[in-house]
Number of protein chains: 2
Amino acid sequence: MKDILEQLKQQGYKLTKPREKVLEVLMHNHFAISAQDIHQKIKIIDKASVYRVLNLLEEFGLVNIENVNNEKLYCLARDPHHHVICKKCGYSEEVACTYSFDDFKNFINVQHQLTLTGLCKKCSN
Amino acid sequence: MKDILEQLKQQGYKLTKPREKVLEVLMHNHFAISAQDIHQKIKIIDKASVYRVLNLLEEFGLVNIENVNNEKLYCLARDPHHHVICKKCGYSEEVACTYSFDDFKNFINVQHQLTLTGLCKKCSN
DNA sequence: ATAGCTATTGCAAATGATTTGCAATTGTGA
DNA sequence: TCACAATTGCAAATCATTTGCAATAGCTAT
């Protein structure tokens, strides 16, 4: 986490409580989590600020994003991996990222976002 | 298109104008398009109905979905492929889908949704 | 330490995509 | 053609995310 905060600081961004807190939650949460749920865990921080921090992290490619039920789920971009997420209950499991891209001729700064959704065993009964 | 409508009919769904019109737009549009833009092209159909049709198609796995700027983009699921989409202007190009999944032990009915976003040449100046 | 400048925050209100309740309409099978 | 259930259009509600702005808090130089 220090790494990331330092990295941001080097870019001229201040080291603030919202940034620290949101990163803390992401650090301790190995699965994809929504902005709403992050805010739930750190109510001291305003929801708008949670969104602002997440957008900053996204801009720097520091988080992976997945979309489930019209809501973005965030996860720190450690090793490239994704999640299978149950559409009903939200249960998820890690999946290694095996995707490799050719270079894009006409695009720069391409980021990918893979969302795998399905029904977990429990919910499929 | 007849195929899809027939397929739905076989499942007990009625053959209605909204379903026909939305499919028509998707047929003629090889790139990812938003519900809003679909509605723009067929204003006779209510926006709510456009959404209902799209959700139905999604349920049946007949469309691929990508997420750009908090908005879902739909594309008929013909051959497995995706799009690189410019975050700024919306310009997009097709990309073959090279993703292959292992079987999932604890999930069924897994669908994948891959979104590639970046900046196109024009917008990167 | 302090002062001062600017980035960042919290708050409340706005936005915008998507969903929903319900009465009216329409497709389908008899 | 009739009757019934599914589906629509409309308007209002939801819900995630964004934004304007005044107040606050980092950071740098003194």
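Each chain gets a letter, A, B and so on, in the order its sequence line appears, and its residues count up from 1. In this text the structure is predicted, and so the values were computed from the model without any measurement.
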**Complete:** Within residues 39-47 of chain A, the residues having a heavy atom closer than 4.0 Å to DNA chain C are A:Ile44, A:Ile45, A:Asp46
**Asked** What pairs with B:Lys88 under salt bridge (Lys or Arg N to Asp or Glu O under 4.0 Å), at least two apart in sequence or on another chain?
**Response** none
**Message:** Other members of the hydrophobic cluster containing A:Val68, with the 4.5 Å side-chain heavy-atom rule, please.
**Reply:** A:Leu73, A:Ile85
**Request:** Report the hydrophobic cluster partners of B:Leu119, with the cluster defined as I, L, V, M, F, W, Y residues connected by side-chain heavy atoms closer than 4.5 angstrom, directly or transitively.
**Result:** A:Ile108
**Asked** With sequence neighbours left out, what residues match B:Tyr91 under ring-ring contact (aromatic ring centres under 6.0 Å, His included)?
**Response** A:Phe107
**Between the first and last five pairs of the helix from C:dA1-D:dT30 to C:dA30-D:dT1, the angle of the axes, rounded to 10 degrees** = 50°
Return the polar atom pairs (N/O with N/O) between nucleotides 13-16 of chain C and the protein under 3.5 Å, or none.
none

**For DNA chain D, the residues among residues 57-67 of chain A that have a non-hydrogen atom under 4.0 Å from it** = none
**Segment of DNA chain D, first to last nucleotide, that comes within the 4.0 Å heavy-atom reach of chain B** = D:dA5 to D:dT18
**Message:** For A:Lys21, give me all partners under side chain to side chain donor-acceptor pair (under 3.5 Å), at least two apart in sequence or on another chain.
**Reply:** none
**Asked** How would you list all residue pairs meeting ring-ring contact (aromatic ring centres under 6.0 Å, His included) that involve residues 17-54 of chain B, not counting sequence neighbours?
**Response** B:Phe31-B:His83
**Message:** My understanding is that only residues two or more places apart in sequence, or in another chain, count here; which of them pass salt bridge (Lys or Arg N to Asp or Glu O under 4.0 Å) with B:Lys122?
**Reply:** none
**Request:** Identify whether any heavy atom of B:Lys72 sits under 4.0 Å from a base atom; if not, whether one sits that close to sugar-phosphate; answer base, sugar-phosphate or nothing.
**Result:** sugar-phosphate
